[in-house]
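Single-structure report; data block below.
Side chains included, hydrogens not; waters and symmetry mates left out as well; all remaining heavy atoms used. Whatever order the structure lists them in is the order used to number ligands and atoms, beginning at 1. Numbering starts at 1 and runs along the sequence shown.
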Amino acid sequence: METIAFASDHAGYPLKKALIEYLSAKGYKALDFGTDSEDSCDYPDYAHPAAKAVENGEAAFGIAMCGTGNGIQMTLNKHQGIRAALCWRPELAALAKEHNNANILVLPARFISYNEAVAIVDAYLNAKFEGGRHQRRIDKIAVK
Ligand code: RB5
């Protein structure tokens, strides 16, 4: 089963913990880069190691969250090998995989319920990248 890199700040920590339990029960291996409590912290400290794990293949993909999802997504997308997509509905998560081949799913932890998060994660996991014209567009994302 695939390995998933996880990262959050304090605002995302409770949801991250719950999703690690949910996905571990499904058989996924969790590589948790922190944080490990609800004590105030800085999301880049956890986002960068998770991004590197996805870039170097240690993890097949990632799931990350902070309060809004914005800060951690901005950090993750500084990595050339990362396509991190902020998703607050299952349809967005499916399209992030189908059209953008997103390799890190980002969640706005303070704005979605646990059940919504599970539905978003499931939509991401069940979707398949469509390739073709979408691959051509992805190939143009990187700053050369
Ligand atoms: C933390 O209060 C909050 O700023 C952070 O979780 C995130 O929303 C930043 O983008």
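- Legend: salt bridge (Lys or Arg N to Asp or Glu O under 4.0 Å) pairs involving residues 7-20, not counting sequence neighbours, sorted by first then second residue: K16-D32.
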Next on the checklist: Applying side-chain contact (heavy atoms from CB on, under 4.5 Å) to T75 and H48, what does each step give before you reach the verdict?
Outcome noted: CA-CA 7 Å; T75 309; H48 287 304; 3.4 Å; yes

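- The closest side-chain heavy-atom distance from H79 to K52 is below 4.5 Å.
- In this structure the side chain of Y46 reaches within 4.5 angstrom of the side chain of C41, judged on heavy atoms.
- The immediate protein surroundings of ligand 1, defined as residues with any heavy atom under 4.0 Å of it, consist of D9, H10, A11, Y43, C66, G67, T68, G71, R110.
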Under 3.5 Å donor-acceptor pairs involving side-chain atoms of residues 92-99, not counting sequence neighbours:
unit_1, atom_1, unit_2, atom_2, d
K97, NZ, Y124, O, 3.0
K97, NZ, A127, O, 3.3

Atom pairs and distances, donor-acceptor, side-chain atoms in residues 128-143, under 3.5 Å, two or more places apart:
unit_1, atom_1, unit_2, atom_2, d
Q135, NE2, D139, OD1, 2.8

